[in-house]
Amino acid sequence: MSEALNHPLAAALEPLLAAVGATAVAPSEARPEDVVLEWDGTPAVAVRLPHLSSALDRLLAEMVRQFDGRPLTELDRTDKQRVVALLEERGAFTVRHGVETVASALGVSRFTVYNYLNRQEKG
């Protein structure tokens with residue numbers, strides 16, 4: 001592990017980065033799309049964010065964890081509506097093919113997901 005990744009900021013960020021699927025890299029290895037964080041005015045760690053498609057997979061996995069590890073296809077309608085609401089709050093439907101991916105994970109049609117989203121807007 002490089003000296004930069006032993007920085008206290010990198011250690012403090014570790015749980016957050018794991019939760020969002022990001023990785024820490026040394027500032028000297030940062031790409032233009034990485035976010036370089038400074039500590040006392042000096043680059044301390046660079047954060048490499050995940051691709052959006054993998055972010056949606058992580059969000060779906062988090063929904064499984066939140067609903068007691070049950071497959072999303074086995075949830076009742078009310079719980080599936082709650083999953084859609086939570087995913088909407090987290091921006092899951094801004095990802096290309098997000099509705100299709102969520103519909104498949106829930107075992108419902110795209111039309112059903114759109115109905116759940118429309119119901120939220122009215123509520």
Can you list the residues that meet the side-chain contact (heavy atoms from CB on, under 4.5 Å) rule with [X], with sequence neighbours excluded?
| X | value |
| --- | --- |
| Glu62 | Arg65, Gln66 |
| Asp40 | none |
| Leu37 | Leu9, Leu13, Val35, Val45, Val47 |

Side-chain donor-acceptor distances from residues 80-89 under 3.5 Å, at least two apart:
residue	atom	partner	partner atom	Å
Lys80	NZ	Thr73	O	3.4
Lys80	NZ	Leu106	O	2.8

| Is it true that atom CZ of Arg77 has more than 12 heavy atoms of other residues, nucleotides or ligands lying nearer than 6.0 Å? | no
Can you give me the closest heavy-atom contact between [X] and [Y], atom names plus distance?
| X | Y | result |
| --- | --- | --- |
| Ala46 | Ala26 | CB-O, 4.1 Å |
| Ala105 | Leu72 | O-CB, 3.5 Å |
| Asp79 | Leu75 | CB-CB, 3.8 Å |
| Ala92 | Leu56 | CB-CD1, 3.6 Å |
| Val36 | Pro27 | CG1-CB, 4.4 Å |

| message | Under the side chain to side chain donor-acceptor pair (under 3.5 Å) definition, can you give me all pairs with a residue in residues 104-115, not counting sequence neighbours? | response | Ser109-Thr112
| request: Name all pairs fulfilling the ring pair (Phe, Tyr, Trp, His ring centres under 6.0 Å) condition that reach into residues 10-47, sequence neighbours left out, sorted by first residue then second. | output: His7-Trp39
| Main-chain N/O of Thr78 paired with Asp76 side-chain donor or acceptor, under 3.5 Å | yes
| query | With sequence neighbours excluded, what pairs up with Arg48 under the salt bridge (Lys or Arg N to Asp or Glu O under 4.0 Å) test? | reply | Asp34
